[in-house]
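See structure below.
We name chains A, B, ... by the order of the sequence lines, and we start the count at 1 in each one.
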Amino acid sequence: MDNSLKKSDNTQKQKLNSEQFAAVQHTEGPVMIIAGPGSGKTRVITERIAHLINIGINPENILALTFTNKAAKEMKARIADLTENNDVFAICMGTFHSIFSKILREEAHIIGYTTNFTIYDNEDSVKIIRRIIKDLNLDKDIYNAKNIFTRISLMKNYIISPKKYLHSETLKKQDLNNKRPEFLNIYRKYCESCKQSNCMDFDDLLINTYDLFKENEEILNKYQTKFQYILIDEYQDTNKVQDEIIKQVSDKNKNVCIVGDDSQSIYSFRGANINNMLNFKKFYSDVKEFKLEQNYRSTQNIVNAANSLIAYNKNKIDKTIFSDKEEGEKIQLLEYYNDREEGQKIATLISNSIQQSTSASQHAVLYRTNSQSKVIEDGLRKLGVKYKIYGGLSFYQRKEIKDIMAFLKLILNNNDDESLLRIFNYPTRGIGLSTINKIRLKAEENNYTIWRTLNSEKINEVHFTKNVKKNIDHFVELLHTIFKSINKNVFEILELVIETTGIVRRLEDNPNPENINRLENISELFNSTKIFSMRSNNDKLIDFINEISLDESTEQKTTHNDYVSLMTIHQSKGLEFPYVYIVGLENGLFPSQQSMREKKQLEEERRLFYVAITRAIKKVIVSYSLNRFKFGSMNQTTQSLFLNEINYYFIKTIKNQKAYKSHSTTFSIPKLNNRKLVKITNNDHNHHYKNLQIGQNILHNVFGKGTIKTIDNSHGNQKIKVLFLEHGEKILLTKFAKFKIIS
DNA sequence: CGGTAGAATATTTTT
DNA sequence: TATTCTACCG
């Protein structure tokens, strides 16, 4: 396990304080635990669940909703330690999305879906909306697909169906003012499209659960009876539908415990509503409230600085967070000439700190936007400091992985139009865009899905050239072949898909660095299906797809385990590090441009800064740059207004003497082409590897140790198949792969 | 139809 | 700057 992310053990060994203890013991009725940063929240939750099990509650009757699936996994492990009960896996524990997707599969038939519905990610959704907008002949600039999707998502989060929208004059007026009178039409079409394709987007997983419970009393009753004890973490970041679902499910037993901190609510852009927490006491009578106010994580200076900042927010629950740890150092405020200098200097600070007896994993760099990671990366790389970036694209969102996943999803759900459209001509098979559009329109005309259209008489009403017709027939035949594999294990299915579609072959035929990287990712996918197929009893395609559709982790794999963590503040939620660097404290960046206009949004940005500061155990370093590169040009900036809100007693400004005559621009840093691919390596080493032999052990820069299994010299590119100790089998091109022979 | 080159456009945060 | 979109030629 990541030691950087593990909570420090000092809180573990101590006894619970009286408030924590009381919160653990008070099991009956509605409970609200307001848990400040570092107050041992996770510990209270795990101990509480363990306590329930230890007093004889059946784990099956516990529902615990967490913010990420990773958190759920870690908590389960801890509860197992506390209960001597191997049955912790019976606890229904996970994110709203993953728990309810399972319930929805179970009950799918009731709401007009089948159990094998597939899940659209945001990219899929936006694509569908883009297509709808185009089909309606609307101006794509006024009807920006992403904006429309965001708005649809917000509607769903607030339980406003197209029907309800119709009754809201306010909403209609809003869209009219935005010159988007067709919004409702798009919304409606989008919903129809999802439903017809037997697909749900992320929001549907919630809204459909809500509707299911609302319209089916027996079903609701079944789950009310099952979930006798309900616990929700991070309640401040729940949205309206989630709040309502909780009310539905807990209505019978009323044993609902919410945990959270209104000051750490940072997801309102996703519909999260701080008022869910603030109104909890109004909705349930006799709520027992606990406040965990002692911060066991940070020094007094850090806690005080954070308190002085958050005091500027109006909308909050009263509480006094305090620390009785050492006073500690003041927050350091650093000013730099530009973003690049900021990256280099912060990297230097970290590097120096590491040399003075701390380890890399004790440091984290936090920023407002993902794009800011680049300059930090450059700085760290130059100094040879190991780092890991959280965020960016999740593995399963990469193009080549999504392409293959589209086949798998289609096997599961033949009517998943979005997946079908994605692979209709991938790999290219002579079916072009105009052909696809013709078929699409024919499908729409009949209210058929594309797959159904392809297999019906209707397809004959469309005119194709002879050749195209042949290609389509081939494609349909190919799909029929792979569809038959649905009941095999995932690994075999994937093998079949790769074999019959020739995806890998095409990439291998053109081994440029980009394709090499894709091949590596695909073999990574192979490995994970292999592991999945071996694991437990669920090797079914449906389980695999469900799991990865809801996989939120965006961690890169690294071979070393001591590294500096780089992530957005949003991702740092719940984590802690001894040394925290918060960069880019500039107006327009943090707080972001959009949020500076509205008070409510500014308060959220302030909470975000609060979250960032309170991640630190020992020391906080804050920085900003007077100039920042944006859209390819340099812009002047001003320091963030938040910096003046921290009481001067807890923060120390250190002016950077060299800032104005920095020579940092005179030498250039090796550039990373982009995040997801291309590790171009030394081709000069080529000749060293000419005499590779089967059975040799090698050390690869990413995959570690492995043994050469086969060598293929055909096609002019030497390819070797290597079995890695930790990463399984991979095919590498010796021309590009970076490795050493070790025996 | 397929591939590519040059243009257009985008940066707030994500289950 | 980096990624995505569009237009055009083979």
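Residue contacts shown for A:R130 are limited to sugar-phosphate atoms, with no base heavy atom under 4.0 Å away. Residue contacts for A:Y267: at a heavy-atom cut-off of 4.0 Å it reaches the sugar-phosphate backbone alone, with no base atom in range. Nucleic acid contact class of A:T435 (heavy atoms, under 4.0 Å, all strands): sugar-phosphate only. Contact annotation for A:F96: no contact, since no heavy-atom pair falls under 4.0 Å across all strands. Among the heavy atoms of the strands lying under 4.0 Å from A:S434 are primed sugar atoms or P, OP1, OP2 only; no base atom is included. Using a 4.0 Å heavy-atom distance criterion, A:K146 is classed as a sugar-phosphate-only contact.
A:Y390 has its ring centre no less than 6.0 Å from the ring centre of A:H570.
Between A:T568 and the phosphate of B:dT12, there is no side-chain N or O to OP1/OP2 separation shorter than 4.0 Å. Distances shorter than 4.0 Å separate none of the side-chain N or O atoms of A:K127 from OP1 or OP2 on C:dT4. When the side-chain nitrogen and oxygen atoms of A:Q571 are compared with OP1 and OP2 of B:dT14, one or more of them lie within a distance under 4.0 Å. Between A:N370 and B:dT14 there is a side-chain polar atom (N or O) within less than 4.0 angstrom of OP1 or OP2. Under 4.0 angstrom from either OP1 or OP2 of B:dT12 there lies no side-chain N or O belonging to A:S595. For A:N425 and B:dC1, the shortest distance from a side-chain N or O to OP1 or OP2 is not below 4.0 Å.
Judged by distance alone with a 3.5 Å cut-off, a donor-acceptor contact links the side chain of A:N122 to the base of B:dT15.
Ranked by how close their nearest DNA chain B nucleotide is to the 5' end, A:R429 and A:T66 are led by A:R429. Both A:L206 and A:T428 sit near DNA chain B, but only A:T428 has its closest nucleotide nearer the 5' end.
Checked against A:E418 for a side-chain hydrogen bond (donor to acceptor under 3.5 Å, both in side chains), the options A:K409, A:R131, A:K127 give a single hit: A:R131.
The aromatic rings of A:F590 and A:F642 sit perpendicular, their planes meeting at an angle over 60°, well past the 30° parallel limit. The aromatic rings of A:F100 and A:F213 sit perpendicular, their planes meeting at an angle over 60°, well past the 30° parallel limit.
With a 6.0 Å cutoff to the six-membered ring centre and a 45° limit on the axis angle, A:K402 does not count as a cation-pi contact of A:Y396.
Distance, A:F629 CZ to B:dT11 P: 18 Å, rounded to whole Å. Going from atom NZ of A:K70 over to atom P of B:dT14 covers 14 Å, rounded to whole Å. Protein atom CZ of A:F631 is 14 Å distant from nucleotide atom C1' of C:dT4, rounded to whole Å. In this entry the distance linking CG of A:L589 with P of B:dT11 reads 14 Å, nearest Å.
Comparing the same atom, P, in B:dT13 and in C:dT4 gives a spacing of 14 Å after rounding to whole Å.
Here A:F67 does not lie in a stacked arrangement on the base of B:dT15, lacking the combination of planes under 30° and ring centres under 5.5 Å apart.
Of the listed nucleotides (B:dT15, B:dT12, B:dA10), B:dA10 has the atom at the smallest distance from the side chain of A:N144. Among the nucleotides B:dT14, B:dT11, B:dT15, the one closest to the side chain of A:F269 is B:dT14. In the set B:dA10, C:dA2, B:dT14, B:dT14 carries the atom at the smallest distance from any side-chain atom of A:H570.
Under the rule for a salt bridge (charged side-chain N to carboxylate O under 4.0 Å, His left out), the partners of A:R151 that lie at least two apart in sequence or sit in another chain are A:D175.
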